Amino acid sequence: MKLIVGCGYLGMRVARRWLATEEPVAAVTRHAARAEEFRATGILPIIAEVTEPASLEPLRKLLGPGDTLLYAVGYDRKAGKAMDEVYVQGLKNVIAAVSPEIGRVIYISSTGVYGQVSGETINEESPTEPTREGGRVCLAAEQALAAHPLGQRTVVLRLAGIYGPGRVPNRADLLEQKPLPFDPASALNLIHVDDAATVVVAAEKSATSPQTYVVSDGHPVTRGDYYAELARLWNAPTPVFATPGDVDPSSRTAIAPPRRGGADKRIDTTRLMRELAPVLEFPNYRTGLRGIIELGRCDK
């Protein structure tokens, strides 16, 4: 049995791959309508809330030796929960609810756990000194998992920025020629959602735990080059990047100045490629963006 907690943009793609191999898959959701969608695709739905331990009781008898838990919960600001409630306490609640004999835990973390700010190359051994809340709570969740007995059977995947059909960040601002609040010379690390699913499946099959992997397509790109390519593919105006003191004409408010140190690092995927050897369908952002155009799907 495979249990997915957080069966959304990434988790559903992983579920489909497991289902295609006739693996039984269960998934947690808070919503009855979503549960019916799961059931229609062959997924066993479990209606529960990670921040409410009592609701997770059905998980205790669901998994056993050899089974896998994938924790891929994203943050929904509209849910009214604090980020640490979802990422840290939610994970603690789930691992307390499942059988301690399960075979593997895969935790979806983020390269936001790294705080390097000057274009450094980072890998799994680099210092983790996150500067933003998302990175801090992901690191705290990793640490909570490592302190639990299941930590010895855990694979942590620190994902770079996920993009794909329906998720091309800042496309609307680009089309409207709004200044982008980024340093165009800073590095951007990406992983297409379908390739991220490939990595999850590979980790479940092949990784030796405990282990941590940084996950990207292995081809960092400057934000200037990325948005220039995005503009070319969508026939959009040349990207405009904010400079200190710029004002958004639509709101007449100051645009946050670009911070070179805000997000500028280069991910080294040597361990990932050597140990898991995932075959990426979209090995760089150019092929990934072209694939999205071919599907005719992007964000609005």
Side-chain angles (χ1 to χ4, degrees), residues 10 14 70-72 87-88 91 104-147 150-164 182-183 185-223 225-226 259-288:
L10 171 61
V14 176
L70 168 63
Y71 195 90
Y87 282 94
V88 184
L91 175 63
R104 169 146 296 178
V105 177
I106 301 174
Y107 175 66
I108 302 300
S109 186
S110 166
T111 54
V113 301
Y114 300 103
Q116 288 78 351
V117 298
S118 300
E120 299 96 328
T121 296
I122 62 99
N123 61 25
E124 294 82 0
E125 305 305 322
S126 299
T128 50
E129 298 173 346
T131 58
R132 298 181 180 180
E133 184 182 11
R136 287 192 289 269
V137 296
C138 282
L139 183 60
E142 288 185 23
Q143 292 167 340
L145 190 49
L150 284 174
Q152 294 303 305
R153 280 166 273 160
T154 291
V155 178
V156 173
L157 301 178
R158 293 173 175 165
L159 269 60
I162 297 181
Y163 74 109
F182 309 112
D183 179 352
S186 62
L188 181 63
N189 301 274
L190 297 165
I191 183 70
H192 192 284
V193 64
D194 289 333
D195 289 331
T198 294
V199 171
V200 172
V201 171
E204 197 274 334
K205 285 183 177 179
S206 305
T208 300
S209 56
Q211 189 56 279
T212 297
Y213 297 96
V214 290
V215 180
S216 81
D217 61 22
H219 292 89
V221 58
T222 68
R223 284 176 169 79
D225 287 346
Y226 171 80
R259 297 178 298 165
R260 178 174 175 80
D264 188 8
K265 50 186 174 279
R266 295 175 180 274
I267 295 174
D268 175 7
T269 59
T270 297
R271 177 187 291 177
L272 174 73
M273 294 303 175
R274 181 182 67 240
E275 297 184 9
L276 300 187
V279 178
L280 303 185
E281 184 178 359
F282 303 101
N284 57 63
Y285 76 102
R286 294 180 186 275
T287 59

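Note that the numbering runs from 1 along the sequence shown for the chain. Model, not experiment: these values are computed from the prediction.
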Q: For E129, what residues pass the side chain to side chain contact (heavy atoms under 4.5 Å, CB included) criterion, not counting sequence neighbours?
A: P127
Q: Is there a donor-acceptor pair under 3.5 Å between the side chain of R223 and the backbone N or O of A187?
A: yes
Q: Looking at every heavy atom in both D268 and T270, which two are closest together, and how far apart are they?
A: OD1-OG1, 2.6 Å
Q: Does V214 offer a backbone N or O that forms a donor-acceptor pair with the side chain of E124 under 3.5 Å?
A: yes
Q: Can you find a heavy atom in the side chain of D264 that is under 4.5 Å from one in the side chain of D183?
A: no
Q: Using the ring-ring contact (aromatic ring centres under 6.0 Å, His included) rule, collect all pairs that involve residues 185-206, keeping only residues at least two apart or in two chains.
A: Y163-H192, H192-F282
Q: Sequence neighbours left out, what passes side chain to side chain donor-acceptor pair (under 3.5 Å) with Y71? Give chain and number order.
A: none
Q: Only pairs at least two apart or in different chains count here, so list each salt bridge (Lys or Arg N to Asp or Glu O under 4.0 Å) that has a residue in residues 197-211.
A: K2-E204
Q: Holding to side chain to side chain donor-acceptor pair (under 3.5 Å), I want the full list of residues that pass it with Q211, two or more places apart in sequence or in another chain.
A: R271
Q: Just how far is it from atom CG of D195 to atom OG1 of T287, taken to the nearest 0.5 Å?
A: 8.0 Å
Q: Can you tell me how far the CD atom of E120 sits from the CD1 atom of I267, to the nearest 0.5 Å?
A: 12.5 Å
Q: Give me the one residue out of T198, V200, V215 that meets side chain to side chain contact (heavy atoms under 4.5 Å, CB included) with P278.
A: T198
Q: Nearest 0.5 Å, please: how far is OG1 in T269 from CZ in R274?
A: 10.5 Å
Q: For V193 and G164, work out which heavy atoms get closest and say how close.
A: CG1-CA, 4.2 Å
Q: Looking at residues at least two apart in the chain, or sitting in another chain, which of them share a side chain to side chain contact (heavy atoms under 4.5 Å, CB included) with A72?
A: L70, I108
Q: Using only atom types and a distance under 3.5 Å, with no angle test, would you say the side chain of E125 pairs donor to acceptor with the backbone of N123?
A: no
Q: Begin with the C-alpha distance, continue with both residues' side-chain angles, and end with the deciding distance and a verdict on side chain to side chain contact (heavy atoms under 4.5 Å, CB included) for Y114 and T128.
A: CA-CA 5 Å; Y114 300 103; T128 50; 3.8 Å; yes
Q: According to side chain to side chain contact (heavy atoms under 4.5 Å, CB included), who are the partners of R104, at least two apart in sequence or on a separate chain?
A: T68, I106, V155, A207, S209
Q: Taking only residues at least two apart or on different chains, which pairs with a member in residues 135-147 satisfy side chain to side chain donor-acceptor pair (under 3.5 Å)?
A: S109-E142, E142-R158
Q: Strictly by modelled atom types, are Y213 and E275 linked by a side-chain donor-acceptor pair under 3.5 Å?
A: yes
Q: Taking only residues two or more places apart in sequence, or in another chain, which ones meet Y285 in a ring pair (Phe, Tyr, Trp, His ring centres under 6.0 Å)?
A: Y226
Q: Which heavy atom of L280 sits nearest to which heavy atom of M273, and what is that distance?
A: CD1-CE, 3.8 Å
Q: Going by the rule side chain to side chain contact (heavy atoms under 4.5 Å, CB included), which residues pair with P220 if we only count those two or more places apart in sequence or in a different chain?
A: N189, R266
Q: Let me confirm one number: the OG-NZ distance from S118 to K265, rounded to the nearest 0.5 Å.
A: 11.5 Å
Q: Can you name the closest pair of heavy atoms from A141 and V88 and give their distance?
A: N-CG2, 4.0 Å
Q: Minimum heavy-atom separation for V113 to P130, with atom names?
A: O-CD, 3.2 Å
Q: Under the salt bridge (Lys or Arg N to Asp or Glu O under 4.0 Å) test, which residues partner D194, sequence neighbours left out?
A: R13
Q: Of all heavy-atom pairs between A160 and S216, which one has the smallest distance, and what is that distance?
A: CB-CB, 3.7 Å
Q: Filter on salt bridge (Lys or Arg N to Asp or Glu O under 4.0 Å), then keep only pairs touching residues 213-222, sequence neighbours left out; what's left?
A: none
